[in-house]
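A quick note: this is a predicted structure, and the numbers were derived from the prediction, not measured.
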Amino acid sequence: MSDMNEFMDEIDKSMTKLEKGTVLKGTVMTVSDEDVIVNIGHMSDGIISKNEISAESGKAPSEVVAEGDVINVYVMKADDGEGNVVLSKKRADQILVWDELQAAQESGKAIAVTVKEAVKGGVVAFVKGVRAFIPASQLSVDYVEDLEAFVGKTMDAKVIELNLEKKNVVLSGKEVELEALKEKRKELWASLMPGQMMKGQVKRLEKFGAFIDIGGLDGLAHVSQLSWKRVKHPSEVVSIGDVVDVEILEANKDKNRISLKVHGVQENPWDNISNFHSVNDVVKGTVVRVADFGAFVQLESGIEGLVHVSEISNEHIKHPKDVLQTGQEVEVRILGIKPSEERMSLSIKAVDDESAEIEEAIEEFAQEGDASATLADVLADKLKDFFKE
């Protein structure tokens with residue numbers, strides 16, 4: 001008899017002591033549309049009704065748990081009158097979640113939340129039944145214009161404010177993105193090389209150029225690197241949101257500076273320059289800029305050449321601006337073309353020299369009056385060296 005009593009005592013000790021309000025662990029045995037049966041180490045299994053399975057209304061038990069899952073449960077009744085233990089997963093989660101939130105805040109660990117609604121100034125999400133607020137400024141690293149676009153989305157967020165007494169929770173998705181972005185930027189800096197081609201998205205326009213996101217880092221494409229033609233403002237070439245091909249010109253991590261060149265926005269006329277211009281051609285152009293060393297003359301949109309100060313006139317001039325002004329139309333002779341460098345050397349003096357040679361030849365022809373020679377013969381002889389490349 002004593003052995004039997006001892007055996008019963010051991011069984012009794014192994015059984016979980018049940019009291020209303022106790023939170024304990026159990027193993028899911030079966031899942032149906034109406035309830036979940038849980039083994040809690042008691043002589044009777046526990047029952048969780050579908051209304052007590054989750055704080056999210058409308059959730060079916062099978063969407064929350066599966067057979068074999070070990071879950072926390074709250075004892076609502078040790079005996080419902082029919083020998084069943086009535087349990088609640090929802091209430092256990094609501095009790096334990098505050099410990100989890102506090103641990104998450106202290107460790108900086110992100111938690112997964114689902115946004116339920118948009119409210120003034122942000123959105124509301126639930127963490128195991130606990131209402132949490134995410135301010136609009138903390139939703140993303142990017143500016144959020146439409147809060148409704150986040151409703152129904154599951155996102156990772158960090159606890160940035162927690163008041164256990166008032167049961168207030170403030171979360172941030174932005175902090176998670178910033179952490180990921182920091183790591184991404186570190187990897188990107190290590191991989192950047194001059195000459196590298198990448199895709200980028202135009203983020204901001206300034207008078208001096210366009211800031212372009214190349215995957216976590218912003219680079220600057222100076223206005224002179226946006227197009228082959230002269231550009232007064234970046235908006236003439238690109239718009240915010242445009243995806244463009246860019247070349248890395250410089251990547252200086254110490255100075256946090258990335259210089260870019262935009263490719264392929266418009267066809268570059270220098271690629272086909274030989275179809276339109278050749279060395280020794282005399283063409284008309286417009287002076288677009290005057291510098292100490294010479295003047296830049298535009299032949300057509302995107303094609304400019306330099307008239308060096310020594311090629312402006314046969315007479316000595318102190319400064320190009322003494323004889324040339326912006327907007328002035330001039331005739332120039334093409335002395336050289338370098339398509340790969342997008343450079344062209346021009347001469348105004350060479351055009352004047354040719355005119356002088358022709359006038360001199362005509363005058364000599366008139367004075368000599370040699371019937372055996374034609375004007376064409378005289379001009380050819382006078383100018384034969386001029387057209388040599």
Looking at Glu179, I want to see if its CD is surrounded by more than 12 non-hydrogen atoms of other residues, nucleotides or ligands under 6.0 Å.
no
Of the options Glu177, Glu161, Gln138, Lys158, which is the one that meets Ser172 in a side chain to side chain donor-acceptor pair (under 3.5 Å)?
Gln138
Taking only residues two or more places apart in sequence or in another chain, which ones pass salt bridge (Lys or Arg N to Asp or Glu O under 4.0 Å) with Lys153?
none
Test: Glu329 and Lys284 ion pair at under 4.0 Å
no
Of all residues at least two apart in sequence or in a different chain, which pass the side chain to side chain contact (heavy atoms under 4.5 Å, CB included) check with Ser313?
Glu315
In terms of heavy-atom contacts, Ile134 and Ala125 come closest through CD1-CB, 4.4 Å
Spatial distance of atom CE (Met198) from atom CG (Leu217) [nearest 0.5 Å]
8.5 Å
Contacts of Gln225 meeting side-chain hydrogen bond (donor to acceptor under 3.5 Å, both in side chains) (sequence neighbours excluded), chain-then-number -> none
Please name all residues satisfying side chain to side chain contact (heavy atoms under 4.5 Å, CB included) with Ser49, sequence neighbours left out, ordered by chain then number.
Asn51, Glu52
Single-linkage hydrophobic cluster, 4.5 Å side-chain cutoff, Leu260 and Phe211 together:
no
Criterion side chain to side chain donor-acceptor pair (under 3.5 Å) against Asp93, the qualifying member of Arg91, Lys90, Lys89
Lys89
Other than Ile95, which residues form its hydrophobic cluster under the rule that side-chain heavy atoms must be closer than 4.5 Å?
Val23, Tyr74, Met76, Val86, Leu96
Residues that, via side-chain heavy atoms closer than 4.5 angstrom, fall in one hydrophobic cluster with Phe293
Val288, Phe296, Leu306
Provide the closest heavy-atom pair for Ala350 versus Arg333 in the form atom of the first, atom of the second, distance.
CB-CD, 3.8 Å
Do the non-hydrogen side-chain atoms of Met344 and Ile303 ever get within less than 4.5 Å of each other?
yes
With sequence neighbours left out, the residues meeting salt bridge (Lys or Arg N to Asp or Glu O under 4.0 Å) with Asp79 are none
Is the closest basic N to carboxylate O distance between Glu34 and Lys50 below 4.0 Å?
yes
Just by modelled atom types, is the Ile71 backbone N or O under 3.5 Å from a matching donor or acceptor in the Asp69 side chain?
no
Would you name the heavy atoms of Ala132 and Val127 that are closest together and state the gap between them?
CB-CG2, 4.4 Å
Donor-acceptor pair, Ser32 side chain versus Asp35 backbone, under 3.5 Å?
yes
Is the backbone N or O of Gly68 less than 3.5 Å from a side-chain atom of Thr27, with the two atoms forming a donor-acceptor pair by type?
no
Identify which one of Lys261, Lys199, His263 satisfies the side chain to side chain donor-acceptor pair (under 3.5 Å) criterion when paired with Asp245.
Lys199
So, for Ala78 and Val85, which heavy atoms are closest and what is the spacing to 0.1 Å?
O-CG2, 3.5 Å
Residue pairs, two or more places apart or on separate chains, that pass side-chain hydrogen bond (donor to acceptor under 3.5 Å, both in side chains) and touch residues 162-171:
none
May I ask you to decide if Gly336's main-chain N or O and Ser345's side chain share a donor-acceptor pair within less than 3.5 Å?
yes
Between CG of Leu249 and CZ of Arg257, what distance do you get to the nearest 0.5 Å?
11.5 Å
Close side-chain approach of Leu87 to Ile47, heavy-atom, < 4.5 Å:
no
Show your reasoning for whether salt bridge (charged side-chain N to carboxylate O under 4.0 Å, His left out) applies to Arg185 and Glu187.
CA-CA 5 Å; Arg185 285 171 174 169; Glu187 295 174 359; over 6 Å; no
I'd like to know if Asp218 pairs up with Lys203 as an ion pair, taking the criterion as any Lys NZ or Arg NE/NH1/NH2 lying under 4.0 Å from an Asp or Glu carboxylate oxygen.
no
Taking a hydrophobic cluster as the set of Ile, Leu, Val, Met, Phe, Trp and Tyr residues connected by side-chain heavy atoms closer than 4.5 Å, whether directly or through intermediates, do Ile53 and Val97 fall within one such cluster?
no
More than 12 non-hydrogen atoms from neighbouring residues, nucleotides or ligands closer than 6.0 Å to CD on Glu250, yes or no?
yes
Taken in chain and number order and not counting sequence neighbours, the residues that satisfy salt bridge (Lys or Arg N to Asp or Glu O under 4.0 Å) with Lys116 are Glu56
Any donor-acceptor pair under 3.5 Å from Glu311 side chain to His308 backbone
no
Are the side chains of Ile337 and His277 in contact, using a 4.5 Å heavy-atom criterion?
yes
Inter-residue atom distance Leu220.CG - Ile212.CD1, 0.5 Å rounding:
8.0 Å
I'd like to know if Val141 and Val176 are part of one continuous hydrophobic network [Ile/Leu/Val/Met/Phe/Trp/Tyr, side-chain heavy atoms within less than 4.5 Å].
no
Under a 3.5 Å distance rule, please check whether Asn252 uses its side chain to pair with a backbone N or O of Asp254 as donor and acceptor.
yes
What one should report as the nearest heavy-atom pair of Thr22 and Glu19 is OG1-O, 2.8 Å
Straight-line distance of Lys120 NZ to Leu147 CG, nearest 0.5 Å
12.5 Å
Within a strict 4.5 Å, meaning less than it, do heavy atoms of the Leu139 and Met155 side chains meet?
yes
Ile214 side chain near Leu192 side chain, heavy-atom distance below 4.5 Å
yes
Under a single-linkage rule joining Ile, Leu, Val, Met, Phe, Trp and Tyr whose side-chain heavy atoms are separated by less than 4.5 Å, which residues share a cluster with Ile160?
Val170
When you look at CE of Met197, are more than 12 heavy atoms from neighbouring residues, nucleotides or ligands closer to it than 6.0 Å?
yes
Members other than Val119 in its cluster, when Ile, Leu, Val, Met, Phe, Trp, Tyr link by side-chain heavy atoms under 4.5 Å?
Val124, Phe126, Phe133
Are Leu162 and Val113 linked, directly or through other ILVMFWY residues, by side chains that come within less than 4.5 angstrom of each other?
yes
Taken to the nearest 0.5 Å, the spacing of Ile334 CD1 from Ser347 OG works out to 11.5 Å
Output side-chain donor-acceptor pairs under 3.5 Å for residues 102-111, partner residues at least two apart or in another chain, one line each.
{"residue": "Ser107", "atom": "OG", "partner": "Ala103", "partner atom": "O", "Å": "3.0"}
{"residue": "Ser107", "atom": "OG", "partner": "Ala104", "partner atom": "O", "Å": "3.4"}
{"residue": "Ser107", "atom": "OG", "partner": "Lys109", "partner atom": "N", "Å": "3.2"}

Supply the atom-to-atom distance Asn84 CG to Asp45 CG, rounded to the nearest 0.5 angstrom.
9.0 Å
Can you tell me if CD on Glu341 sees more than 12 non-hydrogen neighbours from other groups inside 6.0 Å?
yes
Is a donor on one side and an acceptor on the other found under 3.5 Å between the side chain of Asp322 and the backbone of His319?
yes
Keeping the roles fixed (side chain from Glu236, backbone from Lys232), state whether a donor-acceptor pair exists under 3.5 Å.
yes
